[in-house]
Amino acid sequence: MKIWVDADACPVVIKEILFRAAERTRVQLTLVANHSIRVPASPHISMLQVAPGFDVADNEIVKRCSAGDLIITSDIPLAAEVIEKGGLALSPRGDLHTTENIKARLTMRDFMDSLRSSGVDTGGPQALSQSDRKAFAGHLDRLLATLT
């Protein structure tokens, strides 16, 4: 099992949780982004820089991930592609995307996108709260305990 991170929009605090988890469990963690990101010196942690462009990082993650890998992303379409390949997708807020809930989340995402396209201000995501961080860390720990 490997962990892939859609790192362009991943909050720093979540990356730090992932760094500690990779060291503790010795699971390979790769951050994928279209700009350079500092990562700790570790045989378990790496950074893959891709070319700039829309969905370039997402496409690289889908190309490289395998069934059973864990992908950290808040991107619903990326989560759907990963699930189709047999991977797991966890949001930085600790929400596990599954075959049972991904279609509904894609529908809601598309609906909100339509609203924004028609000029409706839907606001942005709320700031990552302490409970979001705890939910992420707890879900990550449970997944790593069962999958490694």
Side-chain angles (χ1 to χ4, degrees), residues 1-117 122 124-126 128 131-148:
M1 174 194 165
K2 294 181 182 177
I3 301 173
W4 299 91
V5 182
D6 182 7
D8 285 320
C10 187
V12 171
V13 67
I14 298 303
K15 290 176 196 165
E16 291 169 357
I17 292 168
L18 288 163
F19 294 153
R20 288 191 300 273
E23 284 300 309
R24 186 180 73 247
T25 62
R26 301 180 187 273
V27 170
Q28 182 61 44
L29 170 70
T30 304
L31 284 77
V32 182
N34 59 23
H35 63 281
S36 182
I37 295 176
R38 286 185 149 188
V39 298
S42 167
H44 310 292
I45 302 170
S46 62
M47 194 276 158
L48 173 63
Q49 186 172 349
V50 297
F54 185 71
D55 284 344
V56 175
D58 297 357
N59 294 338
E60 193 66 27
I61 290 169
V62 171
K63 181 172 102 180
R64 292 175 179 248
C65 77
S66 301
D69 285 356
L70 174 61
I71 287 64
I72 310 301
T73 185
S74 55
D75 185 301
I76 304 297
L78 171 57
E81 287 188 75
V82 165
I83 290 167
E84 240 178 67
K85 285 188 76 172
L88 301 166
L90 180 64
S91 83
R93 294 184 185 276
D95 297 323
L96 184 64
H97 303 293
T98 65
T99 54
E100 291 79 25
N101 66 26
I102 196 65
K103 286 189 190 332
R105 290 179 180 180
L106 274 169
T107 300
M108 180 56 77
R109 178 224 175 252
D110 292 344
F111 173 70
M112 296 301 283
D113 192 45
S114 295
L115 286 177
R116 285 188 294 275
S117 295
T122 59
Q126 294 181 355
L128 200 66
S131 64
D132 291 331
R133 295 173 195 167
K134 280 185 163 186
F136 176 81
H139 221 133
L140 178 65
D141 283 344
R142 286 189 298 278
L143 287 170
L144 290 173
T146 58
L147 299 173
T148 56

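It should be emphasised that the depicted structure is a prediction, and the values quoted were computed from it without experimental measurement.
The main-chain N or O of Leu96 is found under 3.5 Å from a side-chain atom of Asn101 such that the two form a donor-acceptor pair. For the pair His139 (side chain) and Gly94 (backbone), a donor-acceptor distance under 3.5 Å is present.
Within the 4.5 Å cutoff, the side chain of Ile37 has heavy atoms near those of the Leu31 side chain. With a 4.5 Å cut-off on side-chain heavy atoms, Ser91 and His97 count as touching. At least one side-chain heavy atom of Asp141 sits less than 4.5 Å from a side-chain heavy atom of Arg24. Between Phe136 and Leu18 the shortest side-chain heavy-atom distance falls below 4.5 Å.
By the side chain to side chain contact (heavy atoms under 4.5 Å, CB included) test, Leu88 pairs with Leu70, Leu143, Leu147, sequence neighbours left out. Under the rule for a side chain to side chain contact (heavy atoms under 4.5 Å, CB included), the partners of Ser66 that lie at least two apart in sequence or sit in another chain are Asp69.
Nearest heavy atom pair, residue Asp8 against residue Ala33, reads OD1-CB, 3.1 Å. Nearest approach of Asn34 to Ala51, heavy atoms of both residues: CB-O, 3.6 Å. Across all non-hydrogen atoms, the minimal contact from Ala22 to Ile45 is CB-CG1, 4.0 Å. Here the closest non-hydrogen pair linking Trp4 and Arg64 is CH2-CB, 3.6 Å. Scanning all heavy atoms of the two residues, the minimum distance from Leu128 to Pro92 falls at CD1-O, 3.9 Å.
With rounding to the nearest 0.5 angstrom, the CG atom of Asp75 is 6.0 Å from the CG atom of Asp6. Rounded to the nearest 0.5 Å, atoms NE2 (His35) and CE (Met47) are 6.5 Å apart. A distance of 7.5 Å separates CD1 in Ile14 from CZ in Arg133, rounded to the nearest 0.5 Å. The distance from the CG atom of Leu90 to the OG1 atom of Thr98 is 12.0 Å, given to the nearest 0.5 Å. Rounding to the nearest 0.5 Å places OG of Ser42 at 8.0 Å from CD of Gln28. From Cys65, atom SG reaches atom CD1 of Ile71 across 4.5 Å, with rounding to the nearest 0.5 Å.
There is a side-chain donor-acceptor pair under 3.5 Å between Ser46 and Thr30.
Surrounding NZ of Lys85 are more than 12 heavy atoms belonging to other residues, nucleotides or ligands, all under 6.0 Å away.
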| Going through the distances and angles, do Ile3 and Leu144 end up as a side-chain contact (heavy atoms from CB on, under 4.5 Å)? | CA-CA 10 Å; Ile3 301 173; Leu144 290 173; 4.0 Å; yes
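Of the charged side-chain nitrogens involved, none lies within less than 4.0 Å of a carboxylate oxygen, so that Arg20 and Glu23 do not count as a salt-bridged pair.
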